Participant: 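Structure below; questions to follow.
As the structure is a prediction and not an experimental result, all values here were calculated from the model. What you see below is based on every heavy atom in this structure, not just the backbone, and it leaves out hydrogens, waters and symmetry mates.
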Amino acid sequence: MTRVQKTVFVLVAIVAVVLGLTVHRVLNGERQADPTKLLDAGIVLLPQSRTLPALEMVDQNGAKVAVDQLKDKWSLVFFGYTFCPDICPTTLAQMRELKGLLPQQAQDNLRFVFVSVDPNRDTPQQIKQYLNYFDPSFVGVTSDLPTLQKLANAVSIPFIPADTRQENYTVDHSGNLVVLGPDGTQRGFIRSPLNNQKLKEQLPGLVAPQG
């Protein structure tokens, strides 16, 4: 076999492998995420996933939650507080709308998490009542201020603690969502404000089970 024949043989083999993988993905309904379209929808993926710190929090039912154990599903995590006058109710309403726009398989493989950064006022009971206005399936968690700051800094969503001595104080925080993969690591962000019409097209492919 000449060198040219060998080169042609290798190229044909590579093409066959690529075509085989493509057919496999199509037959198995696997949707490949397009990075350009993800970015256009506001989804920014990290070049390398980040491991969450082993921190313990409490959910809206008073149960303990280890944030590094948010696994088995993808998670969209929003940092806010229940007394927030604008960003929080708007974002939670958008998250509720987004959930309803997604196909059932994507909904089943996605968890929506609200992290309260106002532990002074947001008790588990307060968080539960607040989330019930939007979607009772949303998970709400909080903890003491040092723990919240460690988590927020770890996922690059810092907030400015409020002066709780002031009446009707507010907390400065981001409107971005944190994207966690089913392995419990941070995969990226979704930029605020949410573009649900584009997100409904891109999220199903991103959170689809990989087979």
Side-chain angles (χ1 to χ4, degrees), residues 31 33-47 49-50 52 60 67 70 73-118 121-122 126-142 148-149 151-162 168-182 185-208:
R31 298 175 59 184
D34 183 330
T36 302
K37 292 183 178 179
L38 290 177
L39 193 59
D40 182 57
I43 302 172
V44 181
L45 298 182
L46 299 175
S49 61
R50 296 177 184 170
L52 269 62
Q60 73 268 41
V67 295
L70 290 173
K73 291 185 177 184
W74 288 78
S75 298
L76 299 184
V77 185
F78 172 60
F79 288 74
Y81 63 110
T82 68
F83 289 83
C84 179
D86 40 36
I87 295 176
C88 298
T90 299
T91 303
L92 286 166
Q94 290 177 320
M95 291 168 68
R96 175 185 61 195
E97 178 189 54
L98 175 60
K99 178 185 174 184
L101 292 172
L102 296 174
Q104 191 60 50
Q105 184 185 50
Q107 291 187 36
D108 293 342
N109 204 35
L110 193 59
R111 178 190 296 113
F112 293 82
V113 182
F114 171 77
V115 179
S116 170
V117 293
D118 183 15
R121 292 180 296 196
D122 284 348
Q126 172 67 19
I127 294 172
K128 184 172 185 176
Q129 182 180 21
Y130 187 67
L131 292 181
N132 281 341
Y133 293 136
F134 300 97
D135 191 318
S137 72
F138 286 2
V139 177
V141 298
T142 191
L148 290 167
Q149 288 185 303
L151 176 60
N153 291 334
V155 296
S156 299
I157 302 286
F159 64 94
I160 302 176
N168 298 322
Y169 62 83
T170 58
V171 183
D172 290 332
H173 63 93
S174 171
N176 292 342
L177 306 186
V178 178
V179 179
L180 304 182
T185 65
Q186 182 186 4
R187 300 296 185 83
F189 307 90
I190 297 180
R191 294 194 303 258
S192 174
L194 305 183
N195 188 329
N196 283 349
Q197 293 306 309
K198 291 184 178 180
L199 287 172
K200 74 174 183 179
E201 299 297 331
Q202 300 307 315
L203 275 178
L206 179 66
V207 305

Participant: Would you name the heavy atoms of Ser174 and Asn176 that are closest together and state the gap between them?
Facilitator: OG-N, 3.0 Å
Participant: How long is the straight-line distance from CG of Leu177 back to CZ of Phe78, given to the nearest 0.5 Å?
Facilitator: 7.5 Å
Participant: Measure the CG-CG distance between Leu180 and Leu110 for me, rounded to the nearest 0.5 Å.
Facilitator: 10.5 Å
Participant: Over all heavy atoms of both residues, which pair between Ala162 and Thr170 is shortest? Give the atoms and the distance, please.
Facilitator: CB-O, 3.2 Å
Participant: Who pairs with Phe159 by ring pair (Phe, Tyr, Trp, His ring centres under 6.0 Å), at least two apart in sequence or on another chain?
Facilitator: none
Participant: With Arg121, which residues qualify under salt bridge (Lys or Arg N to Asp or Glu O under 4.0 Å), at least two apart?
Facilitator: Asp118
Participant: Are the side chains of Val179 and Leu76 in touch, meaning some heavy atoms are under 4.5 Å apart?
Facilitator: yes
Participant: Is a side-chain donor-acceptor pair under 3.5 Å present for Asp108 with Gln104?
Facilitator: yes
Participant: Under 4.5 Å between any side-chain heavy atoms of Gln107 and Phe112, yes or no?
Facilitator: no
Participant: Taking only residues two or more places apart in sequence or in another chain, which ones pass ring pair (Phe, Tyr, Trp, His ring centres under 6.0 Å) with Phe79?
Facilitator: none
Participant: Ignoring hydrogens and angles, tell me if any N or O in the side chain of Gln186 forms a donor-acceptor pair with the backbone of Val155 under 3.5 Å.
Facilitator: yes
Participant: Tell me every residue that passes side-chain hydrogen bond (donor to acceptor under 3.5 Å, both in side chains) with Thr142, counting only those two or more places apart in sequence or in another chain.
Facilitator: none
Participant: For Arg111, check side chain to side chain contact (heavy atoms under 4.5 Å, CB included) against everything at least two apart and list the hits.
Facilitator: Leu70, Lys73, Ser75, Val113, Val139
Participant: Considering only residues two or more places apart or on different chains, which pairs with a residue in residues 84-108 satisfy ring pair (Phe, Tyr, Trp, His ring centres under 6.0 Å)?
Facilitator: none
Participant: Listing request: all salt bridge (charged side-chain N to carboxylate O under 4.0 Å, His left out) pairs with a residue in residues 129-140, at least two apart in sequence or in separate chains.
Facilitator: Lys99-Asp135
Participant: Only distances under 3.5 Å count here; give the side-chain donor-acceptor pairs of residues 187-196 to other protein atoms, sequence neighbours excluded, each with its distance to 0.1 Å.
Facilitator:
{"residue": "Arg187", "atom": "NE", "partner": "Thr185", "partner atom": "OG1", "Å": "3.3"}
{"residue": "Arg187", "atom": "NH2", "partner": "Asp183", "partner atom": "OD1", "Å": "3.3"}
{"residue": "Arg187", "atom": "NH2", "partner": "Asp183", "partner atom": "OD2", "Å": "3.3"}
{"residue": "Arg191", "atom": "NH2", "partner": "Leu39", "partner atom": "O", "Å": "3.3"}
{"residue": "Asn195", "atom": "OD1", "partner": "Gln197", "partner atom": "N", "Å": "3.4"}
{"residue": "Asn195", "atom": "OD1", "partner": "Lys198", "partner atom": "N", "Å": "3.3"}
{"residue": "Asn196", "atom": "ND2", "partner": "Gln94", "partner atom": "O", "Å": "3.0"}
{"residue": "Asn196", "atom": "ND2", "partner": "Glu97", "partner atom": "OE1", "Å": "2.6"}

Participant: What are the two closest heavy atoms between Ile127 and Ser116, and how far apart are they?
Facilitator: CD1-CB, 3.8 Å
Participant: In chain order, what residues pass the side chain to side chain contact (heavy atoms under 4.5 Å, CB included) check against Ala154, with sequence neighbours excluded?
Facilitator: Pro53
Participant: Of all the heavy-atom pairs spanning Val171 and Ile160, show the shortest one and how long it is.
Facilitator: CG1-O, 3.5 Å
Participant: Got a donor-acceptor contact below 3.5 angstrom from the Asn153 side chain to the Gln149 backbone?
Facilitator: yes
Participant: Does the Gln202 side chain pair with the main chain of Gly42, one donor and one acceptor, at a distance under 3.5 Å?
Facilitator: no
Participant: Would you say that Leu203 contacts Ile43 through its side chain, given a criterion of any heavy-atom pair below 4.5 Å between the two side chains?
Facilitator: yes
Participant: Under the side-chain hydrogen bond (donor to acceptor under 3.5 Å, both in side chains) test, which residues partner Thr82, sequence neighbours left out?
Facilitator: Asp122, Gln126
Participant: Enumerate donor-acceptor pairs with a distance under 3.5 Å from any side-chain N or O in residues 83-91 to protein atoms, sequence neighbours excluded.
Facilitator:
{"residue": "Thr90", "atom": "OG1", "partner": "Asp86", "partner atom": "O", "Å": "2.9"}
{"residue": "Thr91", "atom": "OG1", "partner": "Ile87", "partner atom": "O", "Å": "2.8"}

Participant: As an exercise, state the distance from CG of Leu131 to CZ of Phe138, rounded to the nearest 0.5 Å.
Facilitator: 8.0 Å
Participant: Check the angle between the aromatic planes of Phe114 and Tyr130 and answer parallel, tilted or perpendicular using the 30° and 60° thresholds.
Facilitator: tilted
